Amino acid sequence: MTDSEAWPRSAAAFAEAVKLMPGGVNSPVRAFKSVGLTPPFIQRGEGAYLYDIDGHKYIDYVSSWGPLILGHRHPEVVDALEKTLREMGTSFGAPTELENELAREITTAMPAVEMVRLVNSGTEATMSALRLARGYTGREKVVKFAGCYHGHADYFLIQAGSGALTFGIPNSPGVPATVAANTIVAPYNDLAAVEDIFQKAGEEIAAVIVEPVAGNMGCVPPLTGFLAGLRTITKEYGSLLIFDEVMTGFRVAFGGAQALYGIRPDLTCLGKIIGGGLPVGAYGGRREIMERVAPSGPIYQAGTLSGNPLAVSAGLATLKVLKKPGTYERLESLSARLEKGLKEAAAEAGVPVTFNRVGAMFTTFFNPGPVTDYATATASDTRAFAAFFRAMLRQGIYLAPSQFEAAFMSLAHREDDIDCTIAAAREAFKGIA
Ligand code: PLP
């Protein structure tokens, strides 16, 4: 069946969208280009399910790219939003007690975050954290890892040149060469490469920024000692260690990857879950560094809608549910059930896959593995992935439309959703074996 037969209303909506918006979307991966489809247009979400305008129902593993750890329209989030809207309003550009409450929740959950500033997106969080790191250290260079994504600011849109430790090259036209020259790209999980970079340029490096569990080349966990090694090296050279926990914060553990692995970064970036599905971001860290942010210090960063009461209410309601006993155990058991079933289904069909998972965040790589960095992730068979993706979508399983993204389990998923997903995968793997 072609797209327009299975999704006639979506196909028509997309045909209109491409005339109105670049690629028909407001964020590139939504276009489904790499899997050879056009996207279903969403009508609504409920719990673990998405419904499209063509009448299809899907089990959702995208979860709006991570924020919806409680599923769609969780009653406590809906109640909080309604209450704030009715009793408060949409935005004031002035302080509210809600902001204190969210700041208190974050700083309590993450002891390394002694003070926090709320912003409106993960991109804003990382760009502000880097400005702060540069202002604080008086240095300009930043080390990032190939395959890690930290939002779309110029100095992060850099990828590695042939895996070597080279000074960055822009991979998006529009990124000035002078900006790119200050970004040094290292292979993920390669401490020796980082040591080498620091031996050459350590005194010039303001910060190392890392996804402590990478999610943006697919899910790639840190190898034992990698994060601790980054902590040691940055400390030795007086550089800051920035954990980009936009994806992992409150997902891999309530206290994020820093709690899971027991590492104390200088700065932490957050987003996604702390806004419960509304636009949000945050950056925070050591008090003496955060006090350099305006107006207590000279490093400027501001936002009309920052600390927005609706986003903060949705975030607070989400964290309140997550704090209940047993939530992370539940996420783990659902995710482990899926892992076991998918691995068995792939093995039965004779399809070589590597399943990387940290808690409720995971990727099935079409690659015998191990997948530990950008080079091994990009060695995956993207054509097999695309075929798998299409077969899953047609059976009502909504995955991220790219091999290089993580999937997310939510508390709304049930065992029978997982079993349905495994049954669908068994068929999908058969089709590509
Ligand atoms: N950092 C990480 C680790 C992310 O996964 C993302 C988005 O997916 C961002 C930063 C950027 O966040 P946003 O899309 O909210 O700007």
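Quick caveat: nothing in here was measured; it's all calculated off a predicted structure.
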Worksheet entry | No-hydrogen, no-angle side-chain donor-acceptor test under 3.5 Å, Gln301 and Arg117 | yes
Worksheet item: What pair of heavy atoms forms the shortest contact from Val371 to Asn356, and how long is it?
Response: O-ND2, 3.1 Å
Item to complete: Give a yes or no answer on whether the side chain of Lys343 reaches the backbone of Ala347 with a donor-acceptor pair at less than 3.5 Å.
Response: no
Worksheet item: Nearest 0.5 Å, what's the CZ-OG distance between Phe404 and Ser34?
Response: 8.5 Å
Worksheet item: If we only count heavy atoms from C-beta on, is the Tyr58 to Pro40 side-chain gap below 4.5 Å?
Response: yes
Response to the item:
Smallest heavy-atom separation, Lys430 atom then Ala349 atom, equals N-CB, 4.0 Å
Item to complete: Applying side chain to side chain contact (heavy atoms under 4.5 Å, CB included), run through Arg414 and Leu334 and close with a yes or a no.
Response: CA-CA 8 Å; Arg414 301 271 156 260; Leu334 289 168; 5.8 Å; no
Worksheet item: Is there side-chain contact between Phe429 and Glu348, with at least one heavy-atom pair below 4.5 Å?
Response: no
Worksheet item: Is there side-chain contact between Phe198 and Ile205, with at least one heavy-atom pair below 4.5 Å?
Response: yes
Item to complete: Please work out whether the ring planes of Tyr188 and Phe145 are parallel, tilted or perpendicular, with thresholds of 30° and 60°.
Response: perpendicular
Worksheet item: Does one side chain, of Thr84 or Ser313, offer a donor that lies under 3.5 Å from an acceptor on the other?
Response: yes
Worksheet item: Would you say Leu68 and Phe408 make side-chain contact, with heavy atoms under 4.5 Å?
Response: no
Worksheet entry | Donor-acceptor pair between Tyr49 and Asp417 side chains, under 3.5 angstrom | yes
Worksheet entry | Under 3.5 Å: donor-acceptor pair, side chain of Ser121, backbone of Glu124 | yes
Discussion item. Under 3.5 Å, is there a donor on one side chain and an acceptor on the other for Ser335 and Arg357?
Written reply: no
Practice prompt. Enter the distance from Leu393:CG to His56:NE2 here, rounded to the nearest 0.5 Å.
Written response: 8.5 Å
Worksheet item: Any ion pair linking Glu427 and Arg394 (charged N to carboxylate O, less than 4.0 Å)?
Response: no
Fill in: Short side-chain donor-acceptor distance under 3.5 Å, Asp54 and Ser10
yes
Discussion item. Looking at Ser239 and Lys235, would you say the former's side chain and the latter's main chain have a donor-acceptor pair under 3.5 Å?
Written reply: no
Worksheet item: Do we see a donor-acceptor contact under 3.5 Å between the side chains of Glu288 and Tyr136?
Response: yes
Practice prompt. Begin from the C-alpha positions of Arg330 and Glu415 and carry the test salt bridge (charged side-chain N to carboxylate O under 4.0 Å, His left out) through to its verdict.
Written response: CA-CA 11 Å; Arg330 169 87 187 143; Glu415 278 76 2; 2.8 Å; yes
Worksheet entry | Gap between atom CG of Asp244 and atom OG1 of Thr126 - 0.5 Å precision | 6.0 Å
Discussion item. Ring-plane angle category for Phe388 and Phe385, please: parallel below 30°, perpendicular beyond 60°, tilted otherwise.
Written reply: tilted
Worksheet item: How about Val353 and Leu342: do any of their side-chain heavy atoms sit closer than 4.5 Å?
Response: no
Item to complete: Determine, step by step, whether Asn216 and Glu405 satisfy the side chain to side chain contact (heavy atoms under 4.5 Å, CB included) criterion, reporting the C-alpha distance in whole Å, the side-chain angles of both residues, the deciding distance to 0.1 Å, and the verdict.
Response: CA-CA 5 Å; Asn216 286 290; Glu405 297 286 353; 4.0 Å; yes
Worksheet item: Is the side chain of His413 donor-acceptor paired with the backbone N or O of Ser410 at a distance under 3.5 Å, no angle test?
Response: yes
Worksheet item: Between the side chain of Asn367 and the main-chain N/O of Thr376, is any donor-acceptor distance below 3.5 Å?
Response: yes
Fill in: Shortest non-hydrogen contact from Ala314 toward Leu278
CB-CD1, 3.9 Å
Fill in: Electrostatic pair Arg73:Glu46 at N-O distance under 4.0 angstrom
yes
Item to complete: Please state whether the rings of Phe32 and Phe389 are parallel, tilted or perpendicular, taking 30° and 60° as the class boundaries.
Response: perpendicular
Discussion item. If you apply the rule salt bridge (charged side-chain N to carboxylate O under 4.0 Å, His left out), what do you find for Lys57 with Asp52, and how did you get there?
Written reply: CA-CA 7 Å; Lys57 176 184 177 182; Asp52 72 17; over 6 Å; no
Fill in: Reported CD1-to-CG distance for the pair Ile242 and Asp266, which is rounded to 0.5 angstrom
8.5 Å
Discussion item. Tell me if a side-chain donor or acceptor on Tyr261 pairs with a main-chain N or O of Pro222 at a distance below 3.5 Å.
Written reply: no
Worksheet item: Any side-chain heavy-atom pair from Val280 and Lys272 closer than 4.5 angstrom?
Response: no
Worksheet item: In this structure, which one of Leu319, Val312, Leu316 forms a side chain to side chain contact (heavy atoms under 4.5 Å, CB included) with Glu101?
Response: Leu316
Discussion item. Can a side-chain donor-acceptor contact be found between Gln258 and Thr268 if the only test is distance below 3.5 angstrom?
Written reply: yes
Discussion item. Below 30° counts as parallel, above 60° as perpendicular, anything between as tilted: where do the rings of Tyr61 and Phe362 land?
Written reply: perpendicular
Item to complete: Verify, without hydrogens or angle tests, whether Thr137 (side chain) and Arg139 (backbone) share a donor-acceptor contact under 3.5 angstrom.
Response: yes
Discussion item. Closer than 3.5 angstrom, by distance alone: can the side chain of Gln43 be matched with the main-chain N or O of Ile53 as a donor-acceptor pair?
Written reply: no
Practice prompt. Measure across Ala282 and Leu118 and return the closest heavy-atom pair with its distance rounded to 0.1 Å.
Written response: CB-CD2, 3.8 Å
Discussion item. Is there a side chain to side chain contact (heavy atoms under 4.5 Å, CB included) between Thr363 and Thr354? Walk through the geometry before answering.
Written reply: CA-CA 8 Å; Thr363 297; Thr354 299; over 6 Å; no
Worksheet item: Ignoring hydrogens and geometry, is there a side-chain-to-backbone donor-acceptor pair from Glu211 to Tyr149 under 3.5 Å?
Response: yes
Discussion item. Side chain to side chain contact (heavy atoms under 4.5 Å, CB included) for Thr107 and Glu114? Distances and angles first, verdict last.
Written reply: CA-CA 6 Å; Thr107 53; Glu114 294 168 350; 6.0 Å; no
Discussion item. Please tell me whether Thr248 and Glu245 have a donor and an acceptor in their side chains that are separated by less than 3.5 angstrom.
Written reply: yes
Worksheet entry | His150 and its ring-ring contact (aromatic ring centres under 6.0 Å, His included) partner, picked from Phe156, Phe243, Tyr283 | Phe156
Response to the item:
CZ of Phe226 to CG of Asn189, rounded to nearest 0.5 Å, is 5.5 Å
Practice prompt. Measure the shortest side-chain to side-chain distance between Thr38 and Lys33 over non-hydrogen atoms and say whether it is less than 4.5 angstrom.
Written response: no
Fill in: Check: Ile273 main-chain N/O paired with Arg251 side-chain donor or acceptor under 3.5 Å
no
Worksheet entry | Considering all heavy atoms, the nearest Ala112-Arg264 contact | CB-CG, 3.5 Å
Item to complete: Begin with the C-alpha distance, continue with both residues' side-chain angles, and end with the deciding distance and a verdict on salt bridge (charged side-chain N to carboxylate O under 4.0 Å, His left out) for Glu105 and Lys323.
Response: CA-CA 10 Å; Glu105 286 294 342; Lys323 268 207 296 202; 3.0 Å; yes
Worksheet item: Any idea which heavy atoms bring Val119 and Ala125 closest together, and the distance?
Response: CG2-N, 3.7 Å
Worksheet item: Mind checking whether Cys219 and Val213 have side chains closer than 4.5 Å, heavy atoms only?
Response: yes
Discussion item. Side chains of Asn182 and Tyr155: any donor to acceptor distance under 3.5 Å?
Written reply: no
Worksheet item: Atom CG of Leu241 and atom CD1 of Ile209: how far apart are they, to the nearest 0.5 Å?
Response: 9.5 Å
